[in-house]
Amino acid sequence: EKQGFSWDKYLKENAAKAAPASCFKQAATPPINEFNKGMKVEASDPRNHTSSCIATVIDMQGPRLRLRLDGSDDKNDFWRLVDSGDLHPVGFCEKNKGMLQPPLGFRMNSSSWPGFLQRTLNGATCAPDQCFKKEPSTPTRNMFQVGQKLEAVDRKNPALICPATIGAVNEDQIHVTFDGWRGAFDYWCRYDSRDIFPVGWCESSGHPLQSPGVKASSYKSLKVSRESNELSVNVSSGHSVSPSQASPLTPSSGEISQPSPHEST
Ligand code: MLZ
């Protein structure tokens, strides 16, 4: 029998529906990753989107690359899909009459940039053109609906993709809420963000998928019967907390916490 988290079972247990694949700016079939660790690419600086920098592939997970800007520290790594519009082969910028820029926070004196650039590219392995896949087209409008399930990058731990739910929709924005994590990791993003994926994407792309957290989702699902003075808490994951486990009425923080091995962030 298959180990670990199963969307099939989870959707049934929670009587939930997956957001249709057509809602997402993602390829119908996840792109193939032909990069290797150590290869160099041109990437737009995530902290300064107008500048093109040299980056090195530090790690990979399915079709996602962990990148580090050359000349930057190891605290600002970022992840991009192999079909990200933010990535280009080395030489792209020059072909388009642009200039490669030092990353924000370049660790040397800016006058040493030209020399640094030459040294960093000297003898480097630049990722060949065929590694870079065409960016998928953008859905014409926001078609997400509240309650739909998806897989989403945890932006506080961007190596991770986790089960999530559309918590709200506002014009071109969606609220991504992480199942079982009480809001600490939730974020708003555009409907065409590359950080969100249809249910099943991790499995079909060979990327690991986290299991939902084990915390009560929020007081939205807390039902209190004042008459009987009975407390019952329904957790989005389908578990329920008995009155003896839960704290008494009138919570102060607005959230319930269950002791769990996954408490830490
Ligand atoms: N630091 C946490 C990771 C939490 C991931 C949550 N993703 C929605 C832990 O230790 O478990």
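Note that ligands are numbered from 1 as they come in the structure, with each ligand's atoms numbered from 1 the same way.
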Next item on the list: Can you tell me which residue pairs pass the salt bridge (charged side-chain N to carboxylate O under 4.0 Å, His left out) test with a partner in residues 24-35, sequence neighbours excluded?
Entry: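 As it turns out, the salt bridge (charged side-chain N to carboxylate O under 4.0 Å, His left out) pairs with a partner in residues 24-35, which skip direct neighbours, are K25-E135, E34-K133.
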Next item on the list: Tell me yes or no: between the side chains of N157 and D154, is some donor less than 3.5 Å from an acceptor?
Entry: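 Note: N157 and D154 side chains meet the donor-acceptor criterion.
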Checklist line | F178: numbered ligand 1 atoms lying under 4.0 Å from its heavy atoms | finding: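 Those qualifying, in numeric order: 8 (C).
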Next item on the list: Please identify which atoms of ligand 1 are closer than 4.0 Å to at least one heavy atom of C162.
Entry: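 Near C162, meaning under 4.0 Å from one of its heavy atoms, ligand 1 has 7 (N), 8 (C).
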Next item on the list: Would you list the pairs meeting side-chain hydrogen bond (donor to acceptor under 3.5 Å, both in side chains) in which at least one residue belongs to residues 62-73, sequence neighbours left out?
Entry: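 Every pair satisfying side-chain hydrogen bond (donor to acceptor under 3.5 Å, both in side chains) with a residue in residues 62-73: K40-D70, T56-D70, R64-H207, R66-D77, R68-D77, D70-T120, D73-N76.
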Check: Quick one: which of I161, D179, D154 has a heavy atom closest to atom 8 (C) of ligand 1?
Finding: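 Comparing heavy atoms across I161, D179, D154, the nearest one to atom 8 (C) of ligand 1 lies in D154.
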Notebook entry, point to check: Can the ring centres of F24 and F197 be said to be less than 6.0 Å apart?
Noted result: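 Between F24 and F197, the centre distance exceeds or equals 6.0 Å.
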